Peer 1: 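If you scroll down you'll find the structure; I have some questions about it.
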Number of protein chains: 2
Amino acid sequence: MRKVVSSGQPTIKEIAKRLNISVSTVSRALHDHHSIGLRTKARVQQLAAELGYERNQTAIFFQQGKTFTIGILLPELSEAFFSSAISGIEDTAYSNNYTVLLGQSHDDEAREKQIIQSFKQHRVDGCIVSIGKNTRNYDHFEMLRQAKIPVVFFDRIPDLPNIHAVSCNLESGTVQAVDFLLKKGHRCIGMINGPEQLVASKERAAGYIRALGKHRLKYDPELIVNADLTAAGTAAAMQHLLKLKRKVTAVVTFNDYVAMDAVQYALKQKLEINKDITFVSYANTPVSSYTAFPPAASVEQFPYEQGQAATNMLLDILNGTLALNDYQQRIMESQLVLHT
Amino acid sequence: MRKVVSSGQPTIKEIAKRLNISVSTVSRALHDHHSIGLRTKARVQQLAAELGYERNQTAIFFQQGKTFTIGILLPELSEAFFSSAISGIEDTAYSNNYTVLLGQSHDDEAREKQIIQSFKQHRVDGCIVSIGKNTRNYDHFEMLRQAKIPVVFFDRIPDLPNIHAVSCNLESGTVQAVDFLLKKGHRCIGMINGPEQLVASKERAAGYIRALGKHRLKYDPELIVNADLTAAGTAAAMQHLLKLKRKVTAVVTFNDYVAMDAVQYALKQKLEINKDITFVSYANTPVSSYTAFPPAASVEQFPYEQGQAATNMLLDILNGTLALNDYQQRIMESQLVLHT
DNA sequence: GTTAACCACGCAAGCGTTTGCGTAATTGGC
DNA sequence: GCCAATTACGCAAACGCTTGCGTGGTTAAC
């Protein structure tokens, strides 16, 4: 047999040999099993300490068919919103003795599929995922379902039946945002929304429409424009809004980055921020308060807490507290925060 | 024997039984081994596809004593600098078929030690770590060294001999920064530095002193103050600098967050930014350009590229291209970027 | 004194995969 | 037609650990 490179790490076999007892006794002694004599336990535990013994987790993972690992797949790790979420996920996973495998899709569907594949091969116990902007096909998640690997979707959740999900109630947050603008006297409010297929976009639009309804105002579809979240797309959207006959005096933007791009565009058009035009956004950067022209208000989405909630839901499934097919959608409340 | 919950995943044993051949043949067929007949190969591969066979990585990890996993330990996942770095690390790990285990220390030494322990138990092939602000004891890294688990330190590197490390040449960047201020006519330049024991702090101080030396100016130790990077600490540091007899007209701050805190303090003292006082900082947030009072210039540290470089160095060690005891310090050039 | 209970430990299987070696059967060279 | 090389596969061990079951030996109960 090929002599595998021994990492030098002592094994229970080693301990057993040195103490002239069987490996099973060593194993049980280390687990404080009741059927092992106190003397033996002590001897084993002392020798283990001396040798610096450490259980080989890979062996246990393999033997138990469980890895105490969760895969987390996000579109972009460097975005503030997601990195806060990761922080929340890692914190609660850590305190439950789980570790975190990481992958970023860069909004690329093929890469998303590959990472899910890799997670599956790594036999993760479960996944937390926020899908990419361009993902249209959900076969990879169907695979996970068949493999009985639980998935909790989070923030960017796909439009699928029977899923576990944690997200923010953007509809109500949007209602608050539009309410705020209406109360400040704005009557022609534009919205730069995200890609149409995202639930997040649908919710924003729904909130917008509901807020108008509450105030018995009629809704003009021209005022909501779906953009692609790039600077160019935002500029195009702004151009569209500013060309309309009714003068747009306020804009709700999909997120802070879009807001900042929109502000740039408005400034180029010689518009005065907060006078000619007011912006309200959805918070996803911690430094927006330091920004030159911050949005007048923004809808806080609590990414850290969302990450915690998603992880807790996943852990509940893994513990058996929550049944795998008891699909839950945890919807957290968003909150409008004024900056002026 | 206890019947382990079969995940329903097909194994090579399954395939072997169905085809009436041995598992070794199946294994070799799936690896395209030359000693397997074409017909057999085809039959195996087809059945594997039909059954949706997927190798059990945990078994392979265990058997090979290698996990194709690297642990990455950072102080704070939600900080822009680190999340960019993660992005770089994940990208290059991914394209080399490695996956990433994540941990954040929150600058807590005990937690840092626990995470390293967990990484070790998970039998990661190597680690990339940026140490916490408060870490004084390096026993956990000594453990890794003894276990022959390679570690590449990155950005916040400990003051230890014989380590692999990737960092930015903050000294030269600082020279550029101070040069820039001197050329703009500033003669009394303060520096809000980080905790003394950090190499990053020492480099900044050294650069500051070297720049003054280049211009034949004498160095006043009062002008460099070590702070703890909190808002309160920064305020105290600013207070100290502004109380000095010689009027400080420019300040080099440890990072953008410190800069923003310092700006806040200066504003409270009714100072006019970029007139009464000018700030230069070290870039670690992508949105500093949107900030109301951005630093006049900042030293870019290229976190994404640093992450890539650290990962590449680690992979070189794992591949055997670079010897484990051939300690390398890769120092990347920082670059002063003007914002005005 | 017999039975039952319990204590302390060993045996061995099994998790899924890889791989060195052994061994038939086939082929080719002369 | 004989030996060697090649082809095509099987055997079994090994990775480290857990755990159901078996087995002596001691103690307690009636």
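The structure presented is a predicted model; accordingly, all values stated were derived computationally and were not measured. Every chain is numbered from 1 and lettered A, B, ... according to where its sequence line falls, protein lines coming before strand lines.
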Peer 1: Using only heavy-atom distances, decide whether a donor-acceptor pair under 3.5 angstrom links the side-chain of B:Ser24 to the base of D:dC11.
Peer 2: yes

Peer 1: Could you tell me how far apart A:Glu54 (CD) and D:dC17 (P) are, to the nearest whole angstrom?
Peer 2: 11 Å

Peer 1: Using the side chain to side chain donor-acceptor pair (under 3.5 Å) definition, which of the options B:Gln104, B:Glu79, B:His106, B:Glu76 pairs with A:Ser87?
Peer 2: B:Gln104

Peer 1: Inspect the surroundings of CZ in B:Arg136 and state if more than 12 heavy atoms from other residues, nucleotides or ligands are less than 6.0 Å away.
Peer 2: yes

Peer 1: Would you mind reading off the distance between A:Gln63 atom CD and C:dA13 atom P, rounded to a whole angstrom?
Peer 2: 15 Å

Peer 1: Taking OP1 and OP2 of D:dC15, is either one under 4.0 Å from a side-chain nitrogen or oxygen of B:Lys66?
Peer 2: no

Peer 1: Would you confirm whether the ring centroid of A:His122 sits within less than 6.0 angstrom of the ring centroid of B:Phe68?
Peer 2: no

Peer 1: Send over the distance from B:Ile60 CD1 to D:dC15 C1', rounded to a whole Å.
Peer 2: 13 Å

Peer 1: Is A:Tyr53 close enough to D:dC17 that one of its side-chain N or O atoms is under 4.0 Å from OP1 or OP2 there?
Peer 2: yes

Peer 1: Separation of A:Arg55 atom CZ from D:dC15 atom C1', in whole Å?
Peer 2: 17 Å

Peer 1: Quickly work out the B:Lys17 NZ to C:dG16 P distance and round it to whole Å.
Peer 2: 11 Å

Peer 1: Check the pair A:Arg330, A:Asp316 against salt bridge (Lys or Arg N to Asp or Glu O under 4.0 Å), reporting the backbone distance first and the verdict last.
Peer 2: CA-CA 13 Å; A:Arg330 164 94 187 272; A:Asp316 281 347; over 6 Å; no

Peer 1: Identify all pairs in which a protein N or O lies below 3.5 Å from an N or O of nucleotides 5-9 of chain D, and state each distance.
Peer 2:
{"residue": "D:dC9", "atom": "OP1", "partner": "B:Thr40", "partner atom": "OG1", "Å": "2.4"}
{"residue": "D:dC9", "atom": "OP2", "partner": "B:Gly37", "partner atom": "N", "Å": "2.5"}
{"residue": "D:dC9", "atom": "OP2", "partner": "B:Thr40", "partner atom": "OG1", "Å": "2.9"}

Peer 1: Inspect the contact between B:Glu142 and B:Arg145 and indicate whether a charged nitrogen and a carboxylate oxygen are less than 4.0 angstrom apart.
Peer 2: yes

Peer 1: For A:Leu30 and D:dG16, what is the distance between atoms CG and P respectively, to the nearest whole Å?
Peer 2: 15 Å

Peer 1: Checking all strands, does A:Ile12 fall into the base, sugar-phosphate, or nothing category for heavy-atom contacts under 4.0 angstrom?
Peer 2: base

Peer 1: Going by 5.5 Å between centroids and 30° between planes, is there a stack of B:Phe62 over C:dT17?
Peer 2: no

Peer 1: How are the rings of A:Phe82 and A:Phe154 set relative to one another: parallel (under 30°), tilted (30 to 60°) or perpendicular (over 60°)?
Peer 2: perpendicular

Peer 1: Taking the cut-offs as 6.0 angstrom to the six-membered ring centre and 45 degrees off its axis, would you call B:Arg111 and A:Tyr94 a cation-pi pair?
Peer 2: yes

Peer 1: Please give, in whole Å, the distance from C:dG16 C1' to A:Gln64 CD?
Peer 2: 15 Å

Peer 1: How many whole angstroms separate atom CG of A:Leu19 from atom C1' of C:dA8?
Peer 2: 15 Å

Peer 1: Within the pair A:Ser27 and D:dT18, is there a side-chain N or O less than 4.0 Å away from OP1 or OP2?
Peer 2: yes

